[in-house]
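Written below as structure tokens is the structure these notes are about.
This is a predicted model, so every value here is computed, not measured.
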Amino acid sequence: MSKAPLATIRRRAIAGVPFVAALLAGASVVLAADTCPTSASEISTDRPDVTNSSRVVPYGSFQAENGVDWTVRQGSNVVSGAETRLRLGVAQCTEVLADVPSYFYSLNGRASSGFSDLVVSIKRELPVPFGFHLSATGGLGFPTGDGKISSHGYDPYIQFPWSRRLTDDWSLQGMFTVTWFTSQHTINPTFEPTLSLERDLGPTRDLFVEYVGEYPNHARPSQILDGGGSWRVTRLQQLDFHVGFGLNSSSPDHFFGIGYSFRLDRLFGGSVGNSS
């Protein structure tokens with residue numbers, strides 16, 4: 001079967017973002033407000049694991065998640081930071097988020113130094129039964145990064161993080177992402193499934209172990225296994241760490257990272273659905 005022309009791939013890719021936007025808007029009709037986080041809720045972050053949280057930040061809240069990573073790949077050592085994700089609750093059960101360009105500094109080897117691309121997204125929690133939490137995210141990457149790090153295209157993606165508590169202390173989380181790289185059409189679409197098992201260690205600490213795969217079309221997949229933990233220093237602040245290694249030659253050899261996140265509430269002079 002012949003491959004679709006690049007223009008067709010781009011049209012399909014861009015069409016995915018309005019589809020998710022319509023899905024997010026439609027969910028507002030049936031999603032009860034009291035099922036989503038409020039300013040009384042503890043901080044819930046998209047780090048330190050790759051699997052993003054299935055929960056959004058409360059309406060009127062601003063959350064900043066930051067980290068520094070050290071990665072070894074094929075003999076090259078790279079330090080990256082600040083890996084900042086900014087999240088703002090713009091409506092009940094809905095947030096907008098931005099992945100600010102991070103700087104990658106190559107300590108040795110053939111790896112390049114420079115900034116990554118900017119990514120802007122919208123995320124909404126969806127109504128699902130049987131104790132699951134599910135959200136849908138649609139976003140677009142902008143080619144703002146340096147030449148050897150940027151994807152050089154406007155890259156849309158759709159993503160579905162989910163979670164399910166198994167017992168009082170154990171929970172299962174996962175995520176499925178589809179990305180279209182508009183300047184690298186031979187690898188489209190690229191799929192990224194994740195699966196994470198988490199164990200609570202009291203009310204403020206937890207540990208996790210996670211599998212992450214990245215499966216580009218017509219290219220060798222990348223697969224990693226990682227683990228780590230987080231500690232909520234206060235209800236609105238979190239420290240975290242993660243460590244992992246690659247499972248095949250197209251993955252990083254190993255990596256380690258630490259992070260700090262915080263949340264500010266009631267920025268809009270009030271809140272919808274707050275219990276306080």
### Query
Quick one: are Ser230 and Thr45 in side-chain contact, heavy atoms under 4.5 Å?
no
### Task
Compare all side-chain heavy atoms of Ile43 with those of Gln63 and state whether any distance is below 4.5 angstrom.
yes
### Task
Please list, chain by chain and in numerical order, all residues satisfying ring pair (Phe, Tyr, Trp, His ring centres under 6.0 Å) with His254, sequence neighbours excluded.
Trp70
### Query
Heavy atoms, side chains only, cut-off 4.5 Å: are Leu88 and Val57 in contact?
no
### Task
State which residues pass side-chain contact (heavy atoms from CB on, under 4.5 Å) with Glu42; sequence neighbours excluded, sorted by chain then number.
Arg232, Arg235
### Message
If only side-chain N and O atoms count, and only distance matters, is there a donor-acceptor pair under 3.5 Å linking Thr51 with Thr194?
### Response
yes
### Task
May I ask whether Leu225 and Tyr215 are part of the same hydrophobic cluster, defined by side-chain heavy atoms of I, L, V, M, F, W, Y residues being less than 4.5 angstrom apart, directly or through others?
yes
### Query
Any side-chain heavy atom of Leu140 within less than 4.5 Å of one from Ser121?
no
### Query
Do Gln159 and Asn52 have a side chain donor and acceptor closer than 3.5 Å?
yes
### Query
Under a 4.0 Å N-O cut-off, is there an ion pair linking Arg87 with Glu95?
yes
### Task
Could you tell me which non-hydrogen atom of Val119 sits nearest to which non-hydrogen atom of Gly141, and how far apart they are?
CG2-CA, 4.0 Å
### Task
Would you indicate whether the side-chain heavy atoms of Thr71 and Phe256 approach each other to under 4.5 Å?
no
#### Entry: Flag side-chain contact, heavy atom, 4.5 Å: Phe181 against Thr179
yes
### Message
If the threshold is 4.0 Å, N to carboxylate O, is there a salt bridge linking Asp46 and Lys123?
### Response
yes
### Query
Would you say Thr94's side chain and Arg124's backbone share a donor-acceptor pair under 3.5 angstrom?
no
### Query
Can you name the residues that form a ring pair (Phe, Tyr, Trp, His ring centres under 6.0 Å) with Tyr103, not counting sequence neighbours?
Phe115
If you look only at distance, which donor and acceptor atoms sit under 3.5 Å apart when one is on a side chain in residues 166-174 and the other is two or more places apart or in another chain?
residue: Thr167; atom: OG1; partner: Asp169; partner atom: N; Å: 3.2
residue: Thr167; atom: OG1; partner: Trp170; partner atom: N; Å: 3.1
residue: Gln173; atom: NE2; partner: Glu198; partner atom: OE1; Å: 2.9

### Query
Is it true that Asp265 and Arg263 have a side-chain N and a carboxylate O under 4.0 angstrom from each other?
yes
### Query
Got a sec, which residues hit salt bridge (charged side-chain N to carboxylate O under 4.0 Å, His left out) with Arg165, two or more places apart in sequence or on another chain?
Asp200
#### Entry: Residues clustered with Ile149, ILVMFWY side-chain links under 4.5 angstrom
Val78, Phe104
### Task
With sequence neighbours excluded, tell me which residues meet side-chain contact (heavy atoms from CB on, under 4.5 Å) with Thr144.
Pro101, Asp117, Leu118, Phe142
## Note on the structure
The complete set of ring-ring contact (aromatic ring centres under 6.0 Å, His included) pairs with one or both residues in residues 221-241, sequence neighbours excluded, reads none
### Message
Give me each pair satisfying ring-ring contact (aromatic ring centres under 6.0 Å, His included) with a member in residues 119-141, each pair once, sequence neighbours excluded.
### Response
none
### Non-neighbouring partners of Phe176 that pass ring pair (Phe, Tyr, Trp, His ring centres under 6.0 Å), sequence neighbours left out
Phe191
#### Entry: Joint hydrophobic cluster, Val120 plus Tyr154, side-chain heavy atoms closer than 4.5 Å
yes
### Derivation and outcome, side chain to side chain contact (heavy atoms under 4.5 Å, CB included), residues Asn248 and Gln223
CA-CA 6 Å; Asn248 60 4; Gln223 301 178 78; 3.8 Å; yes
### Query
Can you name the salt bridge (charged side-chain N to carboxylate O under 4.0 Å, His left out) partners of Asp69, sequence neighbours left out?
none
### Message
Counting C-beta onward and ignoring hydrogens, is there a side-chain heavy-atom pair between His242 and Glu210 closer than 4.5 Å?
### Response
no
### Task
Indicate yes or no: at least one non-hydrogen side-chain atom of Leu197 is less than 4.5 angstrom from one of Arg199.
no
### Query
Judged by atom type as modelled, is there a donor-acceptor pair below 3.5 Å linking the side chain of Arg73 to the main-chain atoms of Ser250?
yes
### Query
Looking at Cys36, Pro37, Pro58, which one forms a side-chain contact (heavy atoms from CB on, under 4.5 Å) with Gln92?
Cys36
### Tyr260-Gln237 side chain donor-acceptor pair, cut-off 3.5 Å
yes
### Query
Taking ILVMFWY side chains as joined if any heavy atoms are under 4.5 angstrom apart, and letting links pass through other members, which residues group with Phe255?
Val50, Met175, Val212, Ile224
### Test item: Ser113 side-chain N/O and Ser106 main-chain N/O as donor-acceptor pair under 3.5 Å
yes
## Note on the structure
Between Pro156 and Thr182 the two heavy atoms that sit nearest each other are CD-CG2, 4.1 Å
### Query
If we ignore angles and hydrogens, is there a donor and acceptor under 3.5 Å between the side chains of Asn188 and Asn217?
no
### Side-chain (Glu192) to main-chain (Val178) donor-acceptor, under 3.5 angstrom
no
### Query
Distance-only, no hydrogens or angles: does the Gln238 side chain make a donor-acceptor pair with backbone N or O of Phe262 under 3.5 Å?
no
